[in-house]
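As a basis for the values below, the full set of heavy atoms in this structure was taken, side chains included, without hydrogen atoms, waters or symmetry mates.
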Amino acid sequence: NLVFAPQGDLHLQGTQDVAAAGLRTIRQLQYQFTGGTVDVSALEAADSVTVGGVLWTSYSLPLLTTVTGALSVGDNWILETLSLPNLVSAGSIALASNTALTTLDLGSLVDVSQDLVIKFNYSASLIDGLSSIALPELVSVGRDFAISSNTALVSISAPALATVGNDVYIGAVGPCGFDCYGSYQLTTLNLSALTTVGHTLEIAGISLTGTLDLHLLGPSIHLFSLHDSDVQGVDISSLQTVTSSFSIEYNTVLTSILADNLATIGGDFLIDYNDMLPCSVVTAITTNDGFSVGGDIYTTDNGGSGGSNCP
């Protein structure tokens with residue numbers, strides 16, 4: 001059935017074919033359990049777009065540049081390709097539980113004023129699913145930037161992302177709650193321009209080749225956590241202040257931490273259970289000029305320290 005709501009909404013449900021090739025702007029575009037052929041290929045702007053339970057393997061809005069409110073694509077079991085190649089800005093983006101999704105095009109996205117959440121996009125085997133997220137033009141996210149529990153991910157690239165207003169979550173953390181899975185196939189994570197995070201940065205359950213480059217992050221953040229990951233090194237050389245806790249834990253192949261300017265920790269300081277991390281790396285941080293910790297210090301079971309704290 002095709003229903004035109006009185007204030008510029010288009011709600012699609014059922015298997016009818018719909019031709020709306022001249023449609024350029026709309027308030028709300030909603031697909032729900034839709035299987036017919038739908039042509040809205042000229043759409044350039046919408047207040048909101050919702051795609052749920054569709055019976056298509058591919059979905060594209062090739063001319064869409066702006067979604068002022070929410071873009072939500074979720075619970076689509078056969079959707080393999082989502083293409084929004086000219087989308088520049090959105091109020092929020094949620095891509096969740098698209099179990100067949102393998103290809104995502106958000107190559108022109110510059111700004112998301114609220115949350116950008118990509119989660120639970122994997123098959124029942126946990127092996128297949130979305131393998132690459134490329135956001136080459138993305139500069140800012142107003143609230144949360146969360147790429148959580150996408151088990152097939154090999155690459156996340158957001159090389160221009162400079163500002164996140166609230167939290168950054170990557171891997172087996174964040175909005176996936178108690179159903180989090182790691183992204184242990186992930187070998188590339190590019191957040192090298194990230195400078196400002198308003199609250200929390202937490203990364204867990206990833207396998208990264210080389211060093212996690214966060215060298216511009218700073219001068220302050222509320223909470224920093226890197227844990228349960230196969231990461232060889234982390235560069236946070238611009239970070240000076242963590243107002244709550246700082247933790248780097250259970251990273252089995254970690255050998256280096258560049259944190260030359262880290263001086264003030266408001267809560268607990270935890271660098272522990274990193275099997276290959278020399279105590280000299282930990283000591284280099286705790287002897288930075290003016291280094292102070294408001295809570296407790298835990299530096300147990302790093303490489304070579306046995307069950308003892310690093311000196």
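Of the options D275, D228, D230, a side chain to side chain donor-acceptor pair (under 3.5 Å) to T252 is made by D230 and by none of the others. With N302 as reference, N274 is the one residue of D272, N274, N251 to meet the side chain to side chain donor-acceptor pair (under 3.5 Å) rule.
In this structure, the separation between CG on D75 and OG on S97 is 5.0 Å, given to the nearest 0.5 Å. With rounding to the nearest 0.5 Å, the separation of NE2 in H199 from NE2 in H222 is 3.5 Å. Residue I133 holds its CD1 atom at 12.5 Å from CG of D105, rounded to the nearest 0.5 Å. We find the OG-CD1 distance between S238 and I236 to be 10.0 Å, quoted to the nearest 0.5 Å. Between the CG atom of D235 and the OG atom of S192 there is a distance of 11.0 Å, given to the nearest 0.5 Å. Atom OG of S48 and atom CG of L71 lie 9.5 Å apart (nearest 0.5 Å).
The side chain to side chain contact (heavy atoms under 4.5 Å, CB included) check on D144 picks up D115, N166, D167, with sequence neighbours excluded.
Residue pairs meeting the ring pair (Phe, Tyr, Trp, His ring centres under 6.0 Å) criterion with at least one member in residues 133-163, sequence neighbours excluded, do not occur. Sorted by first and then second residue, the ring pair (Phe, Tyr, Trp, His ring centres under 6.0 Å) pairs with a member in residues 260-288 read F246-F269, Y250-Y273, F269-F291; sequence neighbours excluded.
The two residues T103 and L130 make their nearest non-hydrogen contact at N-CD1, 4.2 Å. I221 approaches T200 most closely through the heavy-atom pair CD1-C, 4.3 Å. Here the shortest heavy-atom pairing between P85 and P62 reads CG-O, 3.9 Å.
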Item to complete: Begin with the C-alpha distance, continue with both residues' side-chain angles, and end with the deciding distance and a verdict on side-chain contact (heavy atoms from CB on, under 4.5 Å) for N98 and V73.
Response: CA-CA 8 Å; N98 301 290; V73 180; 3.8 Å; yes
Discussion item. Under the criterion side-chain hydrogen bond (donor to acceptor under 3.5 Å, both in side chains), I'd like the reasoning laid out for D268 against S245: C-alpha separation, chi angles, the key distance, then a yes or no.
Written reply: CA-CA 5 Å; D268 294 339; S245 66; over 6 Å; no
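Through direct or indirect side-chain contacts shorter than 4.5 Å among Ile, Leu, Val, Met, Phe, Trp and Tyr, V88 is connected to V110, V139. The other members of the hydrophobic cluster of M276, by chain and number, are V253 (side-chain heavy atoms under 4.5 Å, ILVMFWY only).
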Donor-acceptor pairs under 3.5 angstrom involving side-chain atoms of residues 257-264: please list them, not counting sequence neighbours.
residue: N261; atom: ND2; partner: S237; partner atom: O; Å: 2.7

